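Comments concern the structure below.
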Amino acid sequence: MTLAEKILAAHTDKKKVSPGEFINVRVDLILANDITAPIAIREFQRIGVDKVFDPKKVVMVPDHFVPNKDIASAEQAKLMREFAREQEILYFEVGQMGIEHVLLPEQGLVLPGDVVIGADSHTCTYGALGAFATGMGSTDIAAAMATGDIWMKVPPTIKLIYHGNLGKWVSGKDLILYTISNIGVDGALYSAMEFVGEAIDTLSIDSRFTMANMAIEAGAKAGLFRVDNKTQLYVKSRAKRPYLVYEPDNDAEYSQVIEYDVSLLEPQVALPHSPANTKPVSQVENIDINQAVIGSCTNGRLEDLRIAAQILKGRKVHPEVRCIIIPGSQQVYLDALVEGLIEAFIKAGAAVSTPTCGPCLGGHMGVLAAGERCISTTNRNFVGRMGSPKSEVYLANPAVAAASAIMGRITSPGEILG
Amino acid sequence: MLKGKVHKYGANVDTDAIIPARYLNVSEPAELAKHCMEDIDRDFVKKVKPGDIMMATTNFGCGSSREHAPLAIKAAGISCIIAKSFARIFFRNAINIGLPLLECDAAVDKTEAGDTLEVELYSGRIKNLTRGMEFTAKPYPKFMAELISAGGLIEYTRKRLASREII
């Protein structure tokens with residue numbers, strides 16, 4: 001069995017599961033946010049049970065439109081807050097919250113070998129820790145809150161092997177953008193992606209989160225990494241319960257094996273309006289920008305902010321650019337503050353915000369007007385994603401976004417730091 | 001039996017196109033329906049009539065997990081969606097809320113926007129009345145058919161819990 005199949009099988013009463021099979025899977029953690037929870041709560045109440053199956057295994061995080069941007073979103077957050085309190089489930093209020101997919105691993109709530117389902121498509125982020133994590137809708141989450149399990153169709157697994165050493169300024173973001181452009185936005189539809197190879201072994205945990213996070217942009221159900229020493233180191237100090245590490249079998253069957261040599265890979269930029277519309281940064285230079293966003297569940301972690309600070313420190317954001325930097329959690333914010341990164345951002349002329357998904361989905365904190373262009377470390381650049389349907393979003397890693405913020409046009413960080 | 005006019009779209013119609021996130025500060029289906037498809041087809045809401053059928057090529061509903069997307073489409077009056085393929089979260093969401101989906105390459109290839117279709121969900125038979133053609137959609141796997149005939153996931157879950165005597 002593949003890594004995905006191993007984890008799924010361990011959460012059923014079966015010894016073995018195979019792609020295409022319908023199974024009932026016990027879940028270790030269920031997640032919803034301020035957009036998806038209200039519908040999940042409504043549907044949960046329709047089932048007719050009083051209590052969630054296990055309050056320690058349900059978590060709700062207000063992160064999309066918080067701190068609340070308007071009355072309607074405040075009402076939704078209120079509904080979720082009241083339900084969370086009544087059910088005594090895990091809940092992180094503004095001031096403790098972070099962007100859900102930054103927060104939950106950081107808090108040790110997601111561990112290797114877990115099955116996690118979340119009413120948010122980027123739930124697949126936790127695959128970075130060797131968990132099977134997948135996004136679903138609110139009704140699925142409602143049913144799982146009542147029963148503690150959920151039906152799944154076992155996905156086939158695509159193995160992606162990355163050979164070579166990564167060049168300077170190249171990170172997990174570039175690997176995943178390159179992969180999506182190669183296989184397409186439905187290249188892994190209904191499948192699990194398993195990321196391996198020497199380039200993956202050297203990748204930091206933060207960069208692995210970025211890669212797993214965007215598995216959904218290739219249509220995947222999950223994106224998984226094997227647990228190694230880096231994973232153990234990340235998890236050890238955070239875990240408050242035991243966990244199991246699963247390894248794929250040597251004779252595991254993969255639906256596809258795709259190999260890349262990434263030693264010459266440049267930082268990548270996804271042009272409007274698809275994450276698959278990706279080019280090396282050297283081919284998209286000289287495109288003027290109005291805004292740069294550094295943050296999100298994709299690239300809002302400490303490593304991302306360190307890279308951005310390396311470029312922004314002692315320099316100034318271009319006078320015609322709004323540079324918005326959003327740490328992914330309060331812990332990331334605090335660490336960045338202690339390290340002096342926040343000071344560097346503010347001195348450079350960037351706006352720094354409390355954690356929120358905000359601009360990524362055109363919610364608040366950086367919505368675009370018609371004709372405006374933004375370079376962003378987020379995950380989607382669909383029509384209207386960040387505001388006006390006549391605006392444009394270019395996806396890139398934090399180094400490219402920071403360098404572009406200084407130059408006022410899309411550029412490689414090499415132009416500033418060599 | 002469903003019958004209605006076709007609203008046809010291309011590949012990779014994402015959930016931000018179906019219902020932009022700026023409208024996700026509410027979750028009432030009728031409110032969401034007012035903005036359905038707004039960013040890629042401004043006139044959709046004006047044109048759509050109850051019972052109409054939505055059609056697209058591949059990977060319909062990709063992007064976010066927002067259940068608001070199928071809710072908006074259903075509340076706009078669409079009776080079913082026919083596509084070559086659906087993004088997986090959208091597929092689950094639509095089935096869960098009782099918006100029927102059918103996968104049929106030939107029907108998509110041979111049908112134009114504005115054609116009138118007649119759809120029989122249980123057999124998967126799709127008749128193009130405008131062109132006098134008939135197609136058969138991919139059958140649902142047995143489990144999915146059970147889920148649909150139970151009346152969606154919430155009803156299915158109620159039945160499961162009742163049989164376990166939890167409630």
Side-chain angles (χ1 to χ4, degrees), chain A residues 20 22 35-36 38-40 42-44 46-50 64-65 69-76 118-123 134-140 142-143 146-147 151 153 155 184-186 189-190 216-217 219-221 273-274 276 360-363 367 380 382-385 387 389, chain B residues 11-17 20-29 31-32 38-40 42 58-60 62-71 84-98 141-144 146-147 152-158 160-162 164 166-167:
Chain A
F22 285 86
I35 287 183
T36 57
I39 297 178
R42 186 166 78 200
E43 294 305 302
F44 176 81
R46 237 165 40 85
I47 296 172
V49 288
D50 297 332
H64 279 63
F65 292 158
K69 72 182 184 104
D70 56 20
I71 296 169
S73 65
E75 294 292 347
Q76 297 216 101
D120 188 277
S121 61
H122 292 111
T123 301
T134 189
M136 293 187 180
S138 299
T139 298
D140 278 317
T147 63
W151 71 270
K153 190 171 147 188
V185 289
D186 59 354
L189 193 58
Y190 292 95
I216 179 69
E217 311 321 329
K221 183 167 191 160
H273 293 285
S274 167
C360 172
L361 74 164
V367 176
R380 293 190 176 128
F382 302 149
V383 172
R385 174 75 180 175
Chain B
N12 307 319
V13 172
D14 59 77
T15 53
D16 281 275
R22 58 184 177 276
Y23 302 119
L24 299 185
N25 54 1
V26 297
S27 45
E28 290 74 27
E31 274 305 306
L32 297 167
E38 174 174 296
D39 286 355
I40 59 164
R42 192 153 275 282
T58 52
N59 200 26
F60 184 87
C62 61
S64 92
S65 68
R66 62 189 72 156
E67 202 161 295
H68 312 66
L71 284 172
K84 292 188 178 182
S85 64
F86 292 92
R88 56 161 282 278
I89 305 178
F90 184 89
F91 189 91
R92 292 184 77 108
N93 285 346
I95 298 297
N96 286 345
I97 66 148
K142 188 169 156 278
F143 172 78
M144 299 292 303
E146 276 172 32
L147 195 60
L153 184 65
I154 295 300
E155 293 305 320
Y156 176 83
T157 305
R158 291 169 74 119
R160 269 187 73 206
L161 288 170
R164 284 201 227 158
I166 289 174
I167 43 176

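Lettering follows sequence order; numbering is per chain, from 1. Since this is a predicted model, take the numbers as computed values, not measurements.
Of all the heavy atoms in D39(B) and G384(A), the pair that sits closest is OD2-CA, 3.9 Å. Residues N93(B) and G137(A) share a closest heavy-atom pair of OD1-CA, 2.9 Å. Taking each heavy atom of K69(A) and R22(B) in turn, the nearest pair found is NZ-O, 4.4 Å. When all heavy atoms of R158(B) and I47(A) are compared, the pair lying nearest together is CG-O, 3.5 Å.
Between I216(A) and I89(B) the shortest side-chain heavy-atom distance falls below 4.5 Å. Side-chain contact between M136(A) and R88(B): present, with at least one pair of heavy atoms (C-beta onward) separated by less than 4.5 Å. Side-chain contact between N12(B) and S274(A) is absent, with no heavy-atom pair separated by less than 4.5 Å. Side-chain contact between D140(A) and L153(B): present, with at least one pair of heavy atoms (C-beta onward) separated by less than 4.5 Å. You'll find the side chain of I39(A) reaches within 4.5 Å of the side chain of L71(B), heavy atoms only. Within the 4.5 Å cutoff, side-chain heavy atoms of F65(A) are placed close to those of L24(B).
One distance of note links CZ of R92(B) with NZ of K221(A); it measures 6.0 Å at 0.5 Å rounding. Remark: N96(B) CG to T139(A) OG1 distance equals 5.5 Å, nearest 0.5 Å. Atom OG of S121(A) and atom CZ of R66(B) lie 8.0 Å apart (nearest 0.5 Å).
A tilted orientation is assigned to the rings of F143(B) and W151(A), their planes being inclined by 30° to 60°.
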Please lay out, stage by stage, how E43(A) and I97(B) fare under the test side chain to side chain contact (heavy atoms under 4.5 Å, CB included). CA-CA 10 Å; E43(A) 294 305 302; I97(B) 66 148; over 6 Å; no

Between M144(B) and F22(A), does the side chain to side chain contact (heavy atoms under 4.5 Å, CB included) criterion hold? Intermediate values first, please. CA-CA 9 Å; M144(B) 299 292 303; F22(A) 285 86; 4.0 Å; yes

Residues S64(B), R380(A); criterion side chain to side chain donor-acceptor pair (under 3.5 Å); working and verdict: CA-CA 9 Å; S64(B) 92; R380(A) 293 190 176 128; 4.8 Å; no

Would L189(A) and T58(B) count as a side chain to side chain contact (heavy atoms under 4.5 Å, CB included) here? Give the steps. CA-CA 11 Å; L189(A) 193 58; T58(B) 52; over 6 Å; no

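Interface remark: F86(B) contributes backbone and side-chain atoms alike to the contact with chain A (heavy atom separation under 4.5 Å). Interface residue E155(B): only side-chain heavy atoms are found under 4.5 Å from chain A.
For the set T147(A), V383(A), T36(A), the entry with the most heavy-atom pairs within less than 4.5 Å of chain B is T147(A). Of all the listed residues (T123(A), D120(A), V367(A)), the one sharing the greatest number of non-hydrogen pairs under 4.5 Å with chain B is D120(A). When each of G152(B), A21(B), G63(B), S85(B) is checked for heavy-atom pairs under 4.5 Å with chain A, G63(B) comes out on top. Per-residue counts of heavy-atom pairs under 4.5 Å with chain A were compared for T15(B), L147(B), T157(B), D16(B); the largest is that of D16(B).
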